[in-house]
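In what follows, a structure is listed as structure tokens, so that the remarks can point back to it.
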Amino acid sequence: MNDNEDTLDKIFERAIKGKSIFKDRNTLRIEYVPDKLLFRDEQITRLGQILAPILRGNKPSNALLYGKTGTGKTVVAKYVMKKLSEKSKLTNVKFSFVYVNARLALTEYKILVEFARELGMYIPFTGLSISEALDRILIHLANNHLKTILILDEIDFYVKNYGDNLLYEFMRSQEKLPSDSFISLIGISNDLKFKEFLDPRVLSSLSEEEIVFPPYTVEELKVILWERAKLAFNEGAITESAINLCAALAGAEHGDARRAVDLLRVAGELAERSGSNQVTDEHVKMAVKSIEKDRIYEAVRSLPLHAKIVLLSILFFKEPETTGKIYSKYVELCKKLGIPELTQRRVSSLISELDLLGLVSAPVISKGRFGRSKRVKLATPILTIKEALMEDDTIKLLF
DNA sequence: CCTCCACTGGAAACCTAGGCTC
DNA sequence: GAGCCTAGGTTTCCAGTGGAGG
């Protein structure tokens, strides 16, 4: 029996016996909201106090939650909203809460589209002005006497890219709404500096209440992971040192619980796939690599065609190259494909975008007499990028 | 100290897809 | 269907620039 057969055999064997590493892998998903949130009592209480007035039909203050990624902001917000919804069934007050992630929505307009969709109304994905879209939402709220709490996640991303117009409109929306409906805004931010971009009026209104989420310590992460592991894995399916390693790796960054839980999930999946019956340190180490690879793969795959061609052009050079050189290569590739090429100005922007995604590194350097340009080189394993680029039918023609 | 390369990156104009009103 | 609107991507234009070589 060779290794493959051996592995398959183990997997099938376990499937038959109904025994697996996981008891309930859903508890390790990002969206999962646990019944009990650890080390966040203070924040939960504060947010609860802030939002409680809605149970009597009054408008809660706007609030701002901030802290680094994976410090529990989103999960606390969702948790409190869940509890609040349950409580509201006992009273007559009807309200809705809407969760929108600004970074996933991408544009100002799409935030509104998302907001509307969550309220159960339809707004066309193009064709309306922003103010028209907002007006429609307000009319909908007014007609249905809706009290709404809008949780705007990654609000810093939105403000940095689009300014605070929309926030300002939300703040002023009360003037256009009857007294029995309102929008309260809960902003969630990874970055405190974004306040500098806000108009003072918006700032004072948004940060009527502020809740800070400190990073988890490694010790706290360990406890959190243990709690999750108990729900997710079968008895004895994970070693203590594997959990500690997850906690240590995530703690080394900045106490990122999301990353810690992610590591645990992927490590579990890898262990299961390899036919092992226990998650060990080795699986965690493999998980680190696997997560990084997936990230790159996904980033490349979702790139628009021209960005992919630019990336491929960069791939051709072993040494760091200037924008000019890469542009010539890019033009050459476009000719081969028989598609019209973009201007160098645009390609320069595309390179900057690839830099932002972390796929390439492209700092601007000066070479004195020989001009000033970006120094472009890959920042990620070439094989992974190649593999991901091959997925594209058009790009494939160039290999 | 000055020059001048090979761009950078801001600003505005332009194009396209789609929805609006009448 | 005409004539209007907007968002988002792109092109056009161009002033600005860090520093090696003179």
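Within every chain, numbering begins at 1; the chains are lettered A, B, ... in the order of the sequence lines, protein sequences first and strands thereafter.
- Side-chain contact between Asp392(A) and Leu303(A): absent, with no pair of heavy atoms (C-beta onward) separated by less than 4.5 Å.
- Put simply, Ser373(A) has no side-chain N or O that comes within less than 4.0 Å of OP1 or OP2 on dA6(B).
- Looking only at side-chain heavy atoms (C-beta outward), Leu28(A) and Phe22(A) come within less than 4.5 Å of each other.
- Within residues 344-353 of chain A, the residues approached by DNA chain C to less than 4.0 Å at the level of any non-hydrogen atom are Arg345(A), Arg346(A), in residue-number order.
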> Which parts of nucleotides 16-21 of chain C does protein reach within less than 4.0 Å, heavy atoms only, written one letter per nucleotide 5' to 3' as B for base, S for sugar-phosphate only and - for none?
Replying inline: BBBBBB
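- Contacts of Asp24(A) classified as side-chain hydrogen bond (donor to acceptor under 3.5 Å, both in side chains), with partners at least two apart in sequence or in another chain: none.
- Cation-pi geometry between Lys68(A) and Phe213(A) is not satisfied (NZ or CZ under 6.0 Å from the ring centre, within 45° of the ring normal).
- Distance Lys325(A) NZ to dC5(B) C1': 14 Å, rounded to the nearest Å.
- Tyr327(A) is linked by a ring pair (Phe, Tyr, Trp, His ring centres under 6.0 Å) to Tyr330(A), counting only residues two or more places apart in sequence or in another chain.
- Spacing between atom CG of Leu305(A) and atom P of dG9(C) amounts to 15 Å, rounded to whole angstrom units.
- The stretch residues 326-333 of chain A does not touch DNA chain C, since none of its heavy atoms comes less than 4.0 Å from the strand.
- Of the options Leu134(A), Leu150(A), Leu152(A), a side-chain contact (heavy atoms from CB on, under 4.5 Å) to Phe115(A) is made by Leu150(A) and by none of the others.
- For the pair Thr323(A) and dA6(B), the criterion of a side-chain N or O lying under 4.0 Å from OP1 or OP2 is not met.
- In this entry the distance linking CD of Glu132(A) with C1' of dC4(C) reads 14 Å, nearest Å.
- A donor-acceptor contact closer than 3.5 angstrom links the side chains of Asp153(A) and Tyr99(A).
- Atom CG in Asp135(A) sits about 12 Å away from atom P in dT21(B), given to the nearest Å.
- Computed from coordinates, the Lys374(A) NZ to dC5(B) C1' distance equals 17 Å when rounded to whole Å.
- Arg201(A) and Ser205(A) are not linked by any side-chain donor-acceptor pair at a separation below 3.5 angstrom, with hydrogens and angles left out of the test.
- Lys59(A) pairs by the side-chain hydrogen bond (donor to acceptor under 3.5 Å, both in side chains) definition with nothing, not counting sequence neighbours.
- In this structure, the OH atom of Tyr109(A) is 18 Å from the P atom of dA17(B), given to the nearest Å.
- For the pair Lys367(A) and Arg372(A), the minimum side-chain heavy-atom distance is 4.5 Å or more.
- Cation-pi check for Lys23(A) over Phe233(A) is not met; the charged atom does not lie both under 6.0 angstrom from the ring centroid and within 45 degrees of its normal.
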